[in-house]
Amino acid sequence: MNKRDSEALAARLTGVYHYTLAASEEDADVVLLNTCSVRDGADQKAIGKMQMLIGQARVHHRQCIFGFLGCMAQAQGERLMTLLPGLNLVLGTHRYHLLGDYLSELVQGKQSRIVDCGGVKECPPFFDEHLMAANTAAEEEDKDGAAHLSPTAYVNIMHGCNQHCTYCIVPETRGHEFSRSIDGIVKECRSLADSGVKEITLLGQIVTSFGRFDIPVSEDGRSGFVQLLDAIAEIDGLERIRFTAPHPKGYGKDLVEAYGRIPKLCESAHIPVQSGSDRILKLMHRGYTAERFLEIIDQLREVQPTIGLATDIIVGFPGETEEDFQATVDLVRRVHFDNVFLFKYSPRQNTPAAVMPDQIPQEVKEDRHARLLQVVNELAQASYEQKVGATVEVLVEGVSRRNVNRLQGRSRCNKIVVFEGPAEWVGTIRKFKVTRAGQYSLYGEPV
Ligand code: SF4
């Protein structure tokens, strides 16, 4: 989400306010950090980085405007100003449409400090949605005519979340669910496809809830989200559709069937399970059981047997016993995920889980994390090795991150494939025979 928000804000600042992107932080007159607040480590990292940047500017007597955007800005507001003398701007997630105007005031010296995090807690829902609409309208404006250089792109389709998982700060920082219109999203996707984009990833905090308040279920039982997938699949030139982050409760019959019915919908799914213990899932307020999660996985595999599956898991949630943890290990073994994003629980301020009894000692979290990581890596390695000898269809995305003499792209089931080839291949879809498996990547030769 933050990557997409950063891209949209950069497009707006360069396109509408005529800023140019600096080559490095040292060359910049304005430095904005778009922050995440999901984990405590991310907060600390962002504050440390800003401290260092402000300090460096002081040492070199450089005039620079420093600002925090994003979830941490939303959650901490004025506190960041107290913590970091030299900081000029703190802008919450619902106020992005004001960024250009605020920067103008700071650049022109009309103000030296601005904190604006309004629009989430203190506003009634209708006002909150009004702000969201303003933000979204600005986003749609930004996309018109914006050049896109990569064959892949992210498109925000909704903001906020109403699920209120007890460990999560997102409902606090991003507010209520608010979906864009299907027409607006299709227009943006079409414009991206016209500029050469082949693959679009739809983004939202709980993407499968898209349109549930505004778009009636169709006569043939398709939710707003599946109607959106169908509408995007009609766009000429667009070859692949992905989405993140879904919620298991969004995997109704219509979405499962969509995997078999919409050829452009890639056979990959990153479905956060978080725990394999029903007791912990209930404490987390996730709204499903481990059995229901496994049922979804079986249904998806029935429709698309080669589907790539990834998930998110939190270990060490308050009250997690060894038995609960073992239930998670069992679920991981049963599903055989291709990838698992594994987190140690860290309490977030103002969340119910932060004050739950039976907080787990750090060493127990470390131990469970290490044990589960070993299982995850073993299973993932086996799943990658199984692909050796197979032919996979890859969208060539660019130069390999690890070796500039190679290119890389993603298979439909979302595995990174590395290969040798000319730069002209970037942006094309090609078939490769997998010759060997690395750790979380495949190596291939053109077929
Ligand atoms: S569904 Fe996701 S974004 Fe929403 S509260 Fe739960 S973890 Fe947070």
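Start at 1 and go down the list; that is how both ligands and their atoms are numbered.
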Counting heavy atoms not belonging to Arg401, are there more than 12 under 6.0 Å from its CZ? no
Over 60° means perpendicular and under 30° means parallel, so tell me whether Tyr288 and His247 are parallel, tilted or perpendicular. perpendicular
Centroid-centroid distance, Phe341 to His270, less than 6.0 Å: yes
Evaluate the ring planes of Tyr345 and Phe317, with Trp represented by its six-membered ring, and classify them as parallel (under 30°), tilted (30 to 60°) or perpendicular (over 60°). perpendicular
Show all protein N/O/S atoms under 2.8 Å from atom 4 (Fe) of ligand 1, or state that there are none. Cys161 SG
Result for side chain to side chain contact (heavy atoms under 4.5 Å, CB included) between Met72 and one of Ile169, Thr173, Ile47, Leu33 points to Ile47
Nearest non-hydrogen protein atom, atom 7 (S) of ligand 1: Tyr167 OH, 3.5 Å
Does even one non-hydrogen atom of Arg286 get within less than 4.0 Å of ligand 1? yes
Just so I know, are the side chains of Ile185 and Val155 near enough to count as touching, which here means a heavy-atom distance under 4.5 Å? yes
Does Asp236 CG have over 12 foreign heavy atoms under 6.0 Å away? no
